[in-house]
Amino acid sequence: NAGVTQTPKFQVLKTGQSMTLQCAQDMNHNSMYWYRQDPGMGLRLIYYSASEGTTDKGEVPNGYNVSRLNKREFSLRLESAAPSQTSVYFCASSPPTARNQPQHFGDGTRLSIL
Amino acid sequence: GNSVTQMEGPVTLSEEAFLTINCTYTATGYPSLFWYVQYPGEGLQLLLKATKADDKGSNKGFEATYRKETTSFHLEKGSVQVSDSAVYFCALLAGGTSYGKLTFGQGTILTVHP
């Protein structure tokens, strides 16, 4: 019963480096999401994918790109990391009729940019 | 737009004390409302939900009632335990949304002492 799996769990980068955060879900959900969590600000949506083959910007997309590789996988890429991107990143997924079935979350990736 | 406002934290209580965490929202239409809980080092887990006015969601001794007239969804528990120490997030899913894009409050840190 894996649910939503994120890798890596921890990462330290230097300013300007690039990296990709991986997310996979095994619940056959159509929609997937990337959030960042910062102290006192709750979760802010970076990008989402309503269904396979589509992606859309959320509240804070600048500095990020995403790829919906297939129905299971949704990756988040930082092309040139900045200290302001130090955060905890969460991936989530939800089924197509989500009104009564909210999102399922991974355990997060803790990312530090030096 | 949609928004969720939670009471300022952190909240510190003694074991067996009564808990209230206030949550108010702004949304068009008829949103569904949720409380998520995040234990240290983990992702968010759904705690309870309510999908229409006057519904009461409940789970693990926690309760919240969907009050349309006051646009509120306050979380309560009669007797907290040390194991309830976590961050609590109120969230809404706007009415008519065909997939699960949630709007979160900023989170409230709860610490329960023995």
Side-chain angles (χ1 to χ4, degrees), chain A residues 1-7 9-10 21 23 25 27 29-52 54-60 68 71 74 88-110, chain B residues 1-11 21 23-25 27 29-52 55 57 59 64 66 73 86-109:
Chain A
N1 241 13
V4 178
T5 302
Q6 291 183 235
T7 55
K9 294 190 184 306
F10 303 92
L21 308 185
C23 176
Q25 52 92 8
M27 295 172 285
H29 286 169
N30 280 23
S31 302
M32 298 185 73
Y33 313 82
W34 276 106
Y35 293 91
R36 59 178 290 172
Q37 182 182 23
D38 301 294
M41 302 188 75
L43 274 74
R44 293 183 292 169
L45 184 64
I46 304 171
Y47 270 93
Y48 63 98
S49 172
S51 60
E52 187 178 356
T54 69
T55 60
D56 287 286
K57 295 179 180 179
E59 183 184 353
V60 288
R68 183 74 183 266
K71 191 171 186 179
F74 188 39
V88 182
Y89 291 85
F90 287 100
C91 178
S93 68
S94 66
T97 52
R99 181 164 177 82
N100 297 322
Q101 302 177 63
Q103 296 175 18
H104 300 253
F105 285 81
D107 286 341
T109 295
R110 283 147 185 83
Chain B
N2 302 322
S3 67
V4 175
T5 302
Q6 291 181 230
M7 66 183 290
E8 294 289 331
V11 175
I21 301 177
C23 171
T24 57
Y25 67 89
Y30 301 94
S32 293
L33 300 172
F34 307 91
W35 277 100
Y36 279 83
V37 59
Q38 182 183 30
Y39 298 105
E42 298 183 9
L44 279 69
Q45 304 173 25
L46 179 66
L47 180 60
L48 54 84
K49 67 182 182 184
T51 58
K52 61 183 186 296
D55 266 3
N59 186 25
Y66 187 162
F73 192 54
V87 183
Y88 292 82
F89 292 93
C90 186
L92 73 82
L93 177 66
T97 306
S98 59
Y99 52 89
K101 194 153 71 80
L102 291 164
T103 300
F104 285 90
Q106 71 269 38
T108 301
I109 300 172

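Within every chain, numbering begins at 1; the chains are lettered A, B, ... in the order of the sequence lines, protein sequences first and strands thereafter. All of these numbers come straight from a predicted model, not from anything done at the bench.
- Judged as a ring pair (Phe, Tyr, Trp, His ring centres under 6.0 Å), and not counting sequence neighbours, the contacts of A:Tyr89 are A:Tyr64.
- Distance check, rounded to the nearest 0.5 Å: CD of A:Glu59 to CZ of B:Phe104 gives 11.5 Å.
- Atoms CG and CD, on A:Asp107 and B:Gln38 in that order, are 9.5 Å from each other to the nearest 0.5 Å.
- By the salt bridge (Lys or Arg N to Asp or Glu O under 4.0 Å) test, A:Arg110 pairs with no residue at all, sequence neighbours left out.
- With respect to chain A, the highest number of heavy-atom pairs below 4.5 Å among B:Gly41, B:Gly107, B:Gly105 belongs to B:Gly41.
- Residues B:Phe89 and A:Gln37 come closest through the heavy atom pair CZ-NE2, 3.2 Å.
- Rounding to the nearest 0.5 Å places CG of B:Leu44 at 5.5 Å from CG of A:Leu43.
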